[in-house]
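Below is one structure; the comments refer to it alone.
We count residues from 1, following the sequence as given.
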Amino acid sequence: WNIIKINKMRIIYFFFLIFSVSFSQNKITKSDIIGKWEVKVKVKQLLKEEIKNLDMLEKMAVELASGFAEDIIDSADMYVLFKENNTALLTVDFLEYEEQEEIKWSIIDNEILIDDSLNKKINIGSDNNKWVLKEGSIFLKEKSGKINQNIYLKKNF
């Protein structure tokens, strides 16, 4: 079970590393960010966009895997608790497995920068560590500036 749990966590971390979104038009303040944000992932939509250039067998394999990945994501509780002191706690709770990692964050040029260098287990940002607040959700910003509506943080009230 430990190997399965580790592999499931790798899948979750994979989604944080690969997908992203774009710029925000609104001025972000610290008070906009402080609090608990649930991590939301639309697995099928993400994979649908990524498999466009694959051949038939590759597409079939991805489709089979997408159901498994969607079940994992849907049954995991993932959230980020942004704190006043520019740290945050990323929590992943899946079945009997719970992982918590501390990360740093700041607001620079109307973007939320997430620094995961405190703990290299999660690599939440990798090369894409800029996040933006748009329409009440926080999205990971891709280097190209594209908004991906399929991965986001939604504030818990």
Side-chain angles (χ1 to χ4, degrees), residues 2 4-50 65-66 68-157:
N2 285 338
I4 292 171
K5 289 178 186 174
I6 290 170
N7 287 335
K8 290 176 184 176
M9 288 304 302
R10 286 183 180 161
I11 291 169
I12 293 167
Y13 294 148
F14 168 77
F15 285 111
F16 278 108
L17 293 172
I18 300 302
F19 304 103
S20 59
V21 293
S22 159
F23 297 95
S24 173
Q25 303 275 326
N26 303 328
K27 178 77 172 148
I28 300 174
T29 64
K30 204 172 197 178
S31 63
D32 294 330
I33 307 304
I34 301 299
K36 186 176 178 180
W37 295 74
E38 185 177 4
V39 178
K40 299 283 196 174
V41 180
K42 298 177 185 176
V43 176
K44 285 186 180 180
Q45 289 86 343
L46 286 171
L47 293 176
K48 186 176 181 180
E49 292 175 14
E50 297 298 318
S66 72
F68 177 68
E70 189 174 38
D71 289 344
I72 291 171
I73 297 295
D74 288 346
S75 61
D77 291 325
M78 300 180 291
Y79 59 89
V80 179
L81 177 60
F82 289 96
K83 300 177 185 178
E84 186 74 35
N85 65 354
N86 287 66
T87 63
L89 193 62
L90 171 65
T91 301
V92 177
D93 189 0
F94 180 72
L95 299 175
E96 295 178 11
Y97 177 81
E98 183 175 323
E99 179 86 30
Q100 290 187 334
E101 303 294 342
E102 187 175 62
I103 54 180
K104 295 179 188 178
W105 70 277
S106 59
I107 299 171
I108 299 176
D109 295 331
N110 211 36
E111 297 175 334
I112 305 159
L113 297 176
I114 295 180
D115 177 5
D116 62 358
S117 64
L118 290 175
N119 191 329
K120 285 299 183 185
K121 281 185 183 179
I122 54 174
N123 293 320
I124 191 171
S126 187
D127 288 335
N128 296 324
N129 62 349
K130 295 178 182 179
W131 295 70
V132 294
L133 180 64
K134 181 178 178 174
E135 299 172 4
S137 295
I138 297 175
F139 299 94
L140 183 63
K141 178 184 166 188
E142 211 171 65
K143 286 183 179 182
S144 69
K146 181 184 174 203
I147 293 176
N148 185 332
Q149 298 288 331
N150 299 318
I151 297 179
Y152 58 98
L153 304 178
K154 188 74 176 170
K155 194 160 193 174
N156 286 1
F157 293 100

Return the [atom1] to [atom2] distance between [X] and [Y], rounded to the nearest 0.5 Å.
X      : Y      : atom1 : atom2 : answer
Phe139 : Leu133 : CZ    : CG    : 9.0 Å
Ile114 : Ile103 : CD1   : CD1   : 5.0 Å
Glu111 : Lys130 : CD    : NZ    : 5.0 Å
Glu38  : Asp77  : CD    : CG    : 7.0 Å
Lys104 : Lys83  : NZ    : NZ    : 14.0 Å
Ile138 : Ile28  : CD1   : CD1   : 7.5 Å

Where [X] and [Y] come nearest, the two heavy atoms and their spacing:
X      : Y      : value
Asn85  : Thr87  : OD1-OG1, 2.6 Å
Val80  : Ala88  : CG1-CB, 3.9 Å
Ile34  : Lys155 : O-NZ, 2.7 Å
Ile107 : Lys30  : CD1-N, 3.6 Å
Thr91  : Glu98  : CG2-OE2, 4.0 Å
Gly136 : Trp37  : O-CZ3, 3.6 Å

Cation-pi check, Lys36 onto Tyr79 ring (under 6.0 Å, within 45° of axis): yes

Aromatic ring pairing Phe82/Trp105, orientation class (parallel under 30°, perpendicular over 60°, tilted between): perpendicular

Heavy-atom side-chain contact between Phe94 and Glu99 under 4.5 Å: no

